[in-house]
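Structure first, then comments.
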Amino acid sequence: MTATIVEKIFSRKCGSDIRAGEVVMAPLDGAMIHDITGPLAIQKFYEMGGKKVFDPKRIIMLFDHQIPADSIEAANNHVYMRKFAAEQDIHNYDINEGVCHQVTLEKGRAAPGEIVVGADSHTCMYGATGAFATGIGSTDMGFALKFGSLYFKVPETIRAEVSGRFPKRVGAKDLILSIAADIGADGATYKAIEFTGKTVRKLDMPGRMTLCNMAIEMGGKAGIVAPDKITWEYMKGRRKMKPFELDSDEDAKFAEKRSYDVSDLEPQVAVPHNVDTGVPISKVEGTHIDQVFIGSCTNGRFEDLAEVAEVLGKKKFNPKIRVLIIPASRDEYLKTLKAGLIEKFVKAGALVEAPCCGPCMGGSFGLIAPGEVSLSTSNRNFKGRQGSTDGKVYLCSPATAAASAITGEITDPREV
Amino acid sequence: MMAAKKTVPVKKVVIRAAPAMKNMRVWKFGDDIDTDAIIPGRFLTINNPDELAKHAFEGTRDEFAKKVKEGDVIVGGRNFGCGSSREHAPLALMGAGVKVVVARSFARIFFRNSINVGLLPVVCPQADKIADGERITLNIRDGCIEADGKKYPIEPVPVFMQGIIDAGGLVEYAKSLKEVPACTR
Ligand code: SF4
């Protein structure tokens, strides 16, 4: 019987054929909690009569949304979670490592064929390794912490086949913004999106992470890329595992198939206040901006920052705007530092912050005022997402962010 | 890992209609209402529903928190509750006294979170016909919403979630379980 990669993951875990549409109590390989959704999850765990978590080694805990503690309430939440970690013998990465999703992958805590949940909607990013990963709420997480299993309705799969070669300064972010515009904000609700095709097979892990990260912006339950040589190379040193075959059968039953060709793709920008509004940059060129944010789990990796540096060249950022650069993790920060890019960014006029979510969610620092406009490499531009509900957020690639940060208005990175 | 497979009998349950499901005042919203709009990120250090309720829809619809009354209902368009997985969103609505959210469709995580915390999400494909300020009745037994003398059909809740609704939420449901046999379907 043929199957999609998602059906195969559930079938492997349970030792029997499981197909989309079936509801199954699936065992979990990992569960991630952070400083925003964690306290509520722990509270629910106790309310459910929880005493010991199912397996402390499978729980990933860290703080990233409000670090270093930016309010007394945040500090209190951190204290509460540290206590829980100590009591349960959970390793807590605390405020030291960076954005939850990046850290989970870097530490090898999600791997091909595994089922991982996180109390955060962008957990779907772990699909970049060929894991089935999905975001859940805090009560579901309380249940997961206690029992190590969770009910899933196995999703159908939308297969997105990508071909063609990316033009210069066009990349994974432009592709996913155009896919989101095509599928729509709820076009993948209850479904997984599998990214495949020649272009995806050639794409590096950071690019695959950017794609899978944004599956949720189409309502997707998961984003996934079948593991290949690039995946197994990434897993080396992170996880002791023998490579194995895992991919959708060509003739599996897909909810639908869509194909994309990136050969003529223009840089894309999602305009306020929805993510599925991606337009070619020519439509918004010259738009006034007040702040540029380069970072987040979507585009805060070394490769993204290297691209920013490349576009920047010997130029300076426009002093009339604020440029905030936040590497997604300590590892990415160090790579950027060693490559001399941090110094370059600071000299060019940027503010470089320690790894964290920063202004991405509007819950911490770097907020925008009423009437202000932010251009951001993150994944959401909802009203109020980065501060005032009377502000505006545009989403773009690191290259576009860099070009715009130089000129002070939305600018085509191919022209800088 | 192989595990013995048992089939758990699915109980036939009907959502228990609460008295508050009659004559509910409508707060009407549009499509793609995200959880950032329901409760902005800067309030997520708060975990108490009553406190969260004070900031529900802050900046999006400021009069909501001031004027919402116990037993009011929210009626949304497509993709209600999209975005962040924050459970603070259904909690903020519950803190405001809302017990039912009706929408043409829901985002997956919000739908599941709502059932888990005891807020009832009702899918009504014709929800856009219901007007702001109108008074509606949710008639679970007949599977419809009654508004202004008209009836709009609602969709049944997925079977596996009915047990959770019947228990009064996932916490209560989980309390009744000693262990969960993995891989049961
Ligand atoms: S960087 Fe942004 S999207 Fe990613 S986990 Fe943090 S707040 Fe969420």
Side-chain angles (χ1 to χ4, degrees), chain A residues 13-16 18 22-27 36-37 39-40 43-44 47-50 65-66 71 73-74 76-77 118-121 123 134-140 142-143 146-149 151 153 185-186 189-190 216-217 219 221 274 361-364 367 380 382-385 388-390, chain B residues 1-3 5 8 10 31-32 34-37 40-47 58-60 62 78-79 82-91 105-118 158-161 164 169-175 177 179-185:
Chain A
K13 290 245 73 110
C14 285
S16 68
I18 295 176
E22 286 189 75
V23 175
V24 59
M25 180 66 86
I36 294 283
T37 53
L40 209 49
Q43 213 173 298
K44 297 293 173 184
E47 280 174 28
M48 287 173 191
H65 283 64
Q66 292 176 309
S71 65
E73 290 78 21
N76 253 330
N77 282 341
D120 188 288
S121 59
T123 300
T134 193
I136 59 174
S138 295
T139 303
D140 267 334
F143 190 97
K146 183 170 181 212
F147 296 112
S149 294
Y151 264 128
K153 186 171 178 193
D186 62 351
T189 305
Y190 290 103
I216 179 70
E217 307 313 333
K221 190 164 187 169
N274 287 301
M361 192 204 57
S364 200
L367 307 184
R380 284 195 179 131
F382 301 152
K383 230 175 172 195
R385 174 80 180 178
S388 169
T389 41
D390 295 320
Chain B
M1 191 183 67
M2 296 283 229
K5 281 183 300 297
V8 201
V10 181
D31 291 342
D32 299 318
D34 56 80
T35 52
D36 277 89
R42 60 188 182 281
F43 302 118
L44 299 186
T45 47
I46 307 172
N47 290 326
E58 192 166 315
T60 313
D62 286 334
R78 278 174 56 170
N79 202 26
C82 60
S84 156
S85 66
R86 61 190 68 164
E87 213 160 278
H88 307 72
L91 287 181
S105 66
F106 287 92
R108 175 185 59 82
I109 304 178
F110 181 86
F111 186 81
R112 186 153 168 160
N113 284 350
S114 295
I115 286 180
N116 284 346
V117 300
V159 176
F160 84 102
M161 288 189 143
I164 297 169
L170 188 63
V171 169
E172 293 306 315
Y173 181 83
K175 273 193 203 161
L177 302 172
E179 53 173 326
V180 293
C183 294
T184 45
R185 286 192 240 174

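All values reported here derive from a predicted model rather than from experimental measurement. Convention: sequence-line order gives letters A, B, ...; per-chain numbering from 1.
The distance from atom CD1 of B:I115 to atom OG1 of A:T139, rounded to the nearest 0.5 Å, is 12.0 Å. Considering CZ of B:R78 and CG of A:D186, their distance stands at 4.0 Å, rounded to 0.5 Å. Interatomic distance, B:E87 CD to A:D140 CG, rounded to the nearest 0.5 Å: 7.5 Å. The CG atom of B:D32 sits 5.0 Å away from atom CG of A:N274, with the distance rounded to the nearest 0.5 Å.
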Evaluate B:D34 against A:K383 for side chain to side chain contact (heavy atoms under 4.5 Å, CB included), listing each step before the verdict. CA-CA 9 Å; B:D34 56 80; A:K383 230 175 172 195; 5.7 Å; no

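In this structure, the salt bridge (Lys or Arg N to Asp or Glu O under 4.0 Å) partners of A:E47, at least two apart in sequence or on a different chain, are A:K44. For A:F147, the ring-ring contact (aromatic ring centres under 6.0 Å, His included) test picks out A:F143, with sequence neighbours left out.
Across A:T389 and B:E58, no two heavy atoms sit closer than the pair CG2-O, 4.2 Å. Considering all non-hydrogen atoms of both residues, A:T37 and B:S85 come closest at CG2-OG, 4.4 Å. The nearest pair of heavy atoms linking A:G135 to B:I109 is O-CD1, 3.5 Å. Scanning all heavy atoms of the two residues, the minimum distance from A:M361 to B:D36 falls at O-OD2, 4.3 Å. Here the closest non-hydrogen pair linking B:C183 and A:K13 is SG-O, 4.1 Å. Of all non-hydrogen atoms in A:S121 and B:S84, the two that sit nearest each other are OG-CA, 3.6 Å.
Contact check for B:R112 versus A:I136: no side-chain heavy atoms found under the 4.5 Å cut-off.
Only the side chain of A:S71 comes within contact range of chain B, judged by heavy atoms closer than 4.5 Å.
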